[in-house]
Amino acid sequence: MQIDAQPFAFDFEIGRTALVIIDMQRDFVEPGGFGESLGNDVSLLQAIVPAAQAVLGAWRRHGGLVVHTREAHRPDLADCPPAKRNRGNPRLRIGDVGPMGRVLIAGEPGNQIIEALAPLEGEIAIDKPGKGAFYATPLSALLQERGIRQLVFMGVTTEVCVQTTMREANDRGYDCLLLEDCTESYFPHFKAAAIEMIRAQGAIVGWTAPSAALLKALASD
Ligand code: C5J
């Protein structure tokens, strides 16, 4: 299949491609979570949910592999260095108790992926302690076992965990496509800049496309 993408068409085989949904968890997307405690307007992130849901539904109907990630730390915080915990001087630090349980701690209510995009039985769900989904996780091995060579990305935030994971993936030899209307930042100008950076210099990190282009390619299959 081929997607009308920038800077040029993205060819993919669905059996060798995973849809990777980064950190669409309550802590970032819903009021009362970590994102809001850092002073951000979370409604910006909520706006991408319908488009992301449409892609996820179509991808599942085509039998494609789905990978969900959560930024999540161990309850004892052994995987959360002080340099991360103290950064940004948030009202609620990682591990503190907030309205949705302990912030960014695995298993807590706020750490769950929002209901609209919740993982189904059999889909991969990765808890990651860092910004990138390959750092200190089994993601690389899980993708290799399944013969995956290409990755389609959605999720939040564009310039932080999405871009970091795309760069990690690119260094590991994956072709990466970012769906422009299925990713968001608390800072619209950072999203725009990240998209430009990713596809600059002949797709130095990867390709970008609107979700409609992916849905069109899937529909023509
Ligand atoms: C952040 C993320 N922004 N998922 N995490 O701290 O992008």
Side-chain angles (χ1 to χ4, degrees), residues 19-49 52 56 66-74 77 79-96 98 100-114 116-119 124-137 139 151-170 176 178-195 197-198 205-206 208:
L19 176 66
V20 182
I21 310 173
I22 301 287
D23 299 0
M24 288 299 290
Q25 56 201 81
R26 299 182 64 203
D27 265 325
F28 292 119
V29 179
E30 291 186 9
F34 185 58
E36 196 179 66
S37 85
L38 285 161
N40 298 308
D41 172 8
V42 295
S43 66
L44 283 170
L45 272 50
Q46 286 164 7
I48 66 167
V49 173
L56 178 58
V66 181
V67 176
H68 305 260
T69 72
R70 288 177 290 245
E71 189 166 337
H73 291 278
R74 290 170 34 166
L77 295 177
D79 57 0
C80 183
K84 179 174 184 185
R85 186 155 191 253
N86 298 330
R87 191 83 46 78
N89 198 22
R91 201 164 23 82
L92 288 173
R93 290 187 311 166
I94 296 169
D96 289 350
M100 293 192 281
R102 291 184 70 200
V103 172
L104 290 196
I105 299 297
E108 295 287 329
N111 207 236
Q112 306 307 310
I113 291 167
I114 59 169
L117 301 172
I124 296 173
I126 299 276
D127 282 340
K128 61 181 187 55
K131 310 273 188 293
F134 288 86
Y135 167 68
T137 75
L139 181 58
L151 303 174
V152 174
F153 283 89
M154 312 198 291
V156 298
T157 59
T158 317
E159 79 283 8
V160 185
C161 292
V162 174
Q163 184 173 208
T164 302
T165 304
M166 289 184 74
R167 289 172 183 272
E168 285 183 328
N170 184 245
C176 299
L178 175 61
L179 296 177
E180 296 154 8
D181 51 331
C182 298
T183 183
E184 196 47 88
S185 169
Y186 300 119
F187 308 93
H189 57 295
F190 286 174
K191 171 181 173 174
I195 286 174
M197 276 178 223
I198 285 164
V205 175
T208 78

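All values derive from a computational prediction rather than experimental measurement. In each ligand, atom 1 is the first atom listed, and ligand 1 is the first ligand listed.
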Student check: side-chain heavy atoms of Lys128 and Glu71 closer than 4.5 Å:
yes
Report yes if the side chains of Arg85 and His73 come closer than 4.5 Å at any heavy-atom pair, otherwise no.
no
So Phe187 and Phe190, would you call those rings parallel, tilted or perpendicular, with 30° and 60° as cut-offs?
tilted
Set of residues satisfying ring-ring contact (aromatic ring centres under 6.0 Å, His included) with respect to Tyr135, sequence neighbours excluded
none
For residues Met197 and Met166, determine if any side-chain heavy atom of one lies less than 4.5 Å from a side-chain heavy atom of the other.
no
For ligand 1, what N or O to protein N or O distances fall under 3.5 Å?
unit_1	atom_1	unit_2	atom_2	d
ligand 1	3 (N)	Thr157	OG1	3.4
ligand 1	4 (N)	Asp23	OD2	2.7
ligand 1	4 (N)	Val156	O	3.2
ligand 1	5 (N)	Glu71	OE1	2.9
ligand 1	7 (O)	Thr157	N	2.9
ligand 1	7 (O)	Thr157	OG1	3.0
ligand 1	7 (O)	Cys161	N	3.2

Closest non-hydrogen atom pair, Leu178 against Phe153
CD1-O, 3.6 Å
